[in-house]
Amino acid sequence: MKTAAAIATTVLLWASAFVAIRHVGADVRPGALALGRLLVAAAVLGVLVLARRPRWPGRGAWPRLVLCGVAWLGVYNVALNAAERRVDAGTAAMVINLGPVLIALLAGLLLGEGFPRTLLLGMATAFAGAVLIGVAAAGDTRADPWGVVLCLVAAVGYAVGVVAQKPLLSAADPLAVTFLTTLVGAVACLPFAGQLLADVRTPATAGWVVYLGVGPTALAFSTWAYALARTGAGKLGATTYLVPPLVVVMAWVALGEVPAALALGGGALCLAGVAVTRAKRLTLTSRQGVQWSAEGR
């Protein structure tokens with residue numbers, strides 16, 4: 001029950017982040033917004049770390065911590081912020097959800113999980129969906145194809161971060177891992193400090209930056225790490241399929257945005273491709289009879 005609640009919290013907060021970024025992105029530049037969000041999150045998590053005194057990762061964990069912090073907290077946030085200046089929130093969320101496919105690919109390359117046919121078919125389907133979204137963006141005056149490219153960069157950062165983070169959670173507290181990776185991401189974004197000071201000039205803008213730092217970053221990444229420590233990376237990644245439809249509804253209500261029909265079709269293909277990678281096959285075992293098992297896991 002606690003794991004399910006953690007997953008639900010993550011999904012809802014991450015969905016809201018797409019809408020918040022789209023709203024405040026016109027006033028705060030991509031790097032500045034990423035830095036502000038991460039500084040707020042690091043401060044909140046730092047207080048929690050002092051109060052709880054969690055178990056810290058060992059020295060050997062630092063390469064993975066740095067990789068996760070730079071790729072996921074740094075590159076992902078900057079690329080997503082830049083993308084949402086070019087595409088609507090729903091389209092961005094759909095392209096970002098290629099991440100679970102990339103996680104499966106990296107797991108095959110780095111963790112010895114292999115490349116089952118379902119993975120290859122799912123990747124091809126998801127890629128076709130991304131192409132459709134790019135075509136829709138090219139013909140949409142509200143967007144441009146470079147926004148889709150930036151979303152793909154963000155998806156790669158997300159996938160690399162998850163694969164780097166998973167082994168860390170077996171030897172350290174999720175809170176400690178989340179705090180350290182957030183701190184690394186903030187340090188990586190420090191070159192944007194001047195932009196942050198120049199762009200955050202009103203209480204309303206500051207409020208949005210604080211929300212992104214406290215909710216979708218400090219809280220959501222903590223609940224994600226808690227769930228990831230108790231669930232497989234691929235299986236947990238599948239739960240983010242719920243983010244795009246939530247973003248579309250939130251963006252429609254809050255911003256009046258609905259992705260183009262072709263982009264919605266591309267998004268459906270992306271989600272179908274990811275679903276195919278998680279397809280199950282019927283297997284027989286001599287002791288347990290018939291059971292379902294995930295292919296390639």
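Note that the structure is a prediction, hence the values are computed from the model and not measured. Along the sequence shown, residues carry numbers from 1.
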* For Arg52, which residues count as a salt bridge (charged side-chain N to carboxylate O under 4.0 Å, His left out) partner, sequence neighbours excluded? -> Asp173

* Determine which pairs satisfy side-chain hydrogen bond (donor to acceptor under 3.5 Å, both in side chains) with at least one residue from residues 184-201, sequence neighbours left out, and list them in order. => Arg29-Asp199

* Asked: Are any side-chain N or O atoms of Arg22 and backbone N or O atoms of Ala251, one a donor and one an acceptor, separated by less than 3.5 Å?
  -> no

* **salt bridge (Lys or Arg N to Asp or Glu O under 4.0 Å) pairs, two or more places apart, involving residues 182-194** => none

* Asked: What pairs of residues pass the salt bridge (Lys or Arg N to Asp or Glu O under 4.0 Å) test when at least one of them lies in residues 7-16, not counting sequence neighbours?
  -> none

* Nonpolar side-chain network containing Met1, other nodes, edges under 4.5 Å -> none

* **Apart from Val40 itself, residues in the same hydrophobic cluster as defined by side-chain heavy atoms under 4.5 Å** => Val44, Val210, Val214

* **Those residues that, when tested against Phe221, pass ring pair (Phe, Tyr, Trp, His ring centres under 6.0 Å) (two or more places apart)** => Trp14, Trp72

* Asked: For residues 187-216, which residue pairs qualify under ring-ring contact (aromatic ring centres under 6.0 Å, His included), counting only residues two or more places apart or in two chains?
  -> His23-Trp208

Among all residues two or more places apart in sequence or in another chain, which pass the side chain to side chain contact (heavy atoms under 4.5 Å, CB included) test with [X]?
| X | result |
| --- | --- |
| Ala42 | Thr182, Leu183 |
| Val160 | Leu67, Ala71, Leu106, Val156 |
| Ala83 | Leu150, Cys151 |
| Leu39 | Leu35, Ala186, Leu196 |

* Are Val184 and Leu73 close enough, and set up right, to give a side-chain contact (heavy atoms from CB on, under 4.5 Å), and what steps lead you there? -> CA-CA 8 Å; Val184 168; Leu73 281 301; over 6 Å; no

* To do: Search all heavy atoms of Val177 against all heavy atoms of Pro57 and return the closest pair with its distance.
  => CG2-CG, 4.2 Å

* **Residues Thr9 and Thr223: side-chain donor-acceptor under 3.5 angstrom** => no

* Minimum side-chain heavy-atom gap Arg37-Cys189 below 4.5 Å -> no

* Asked: Do Arg230's NZ or CZ and the ring of Tyr226 fall within the cation-pi criteria of under 6.0 Å and 45°?
  -> yes

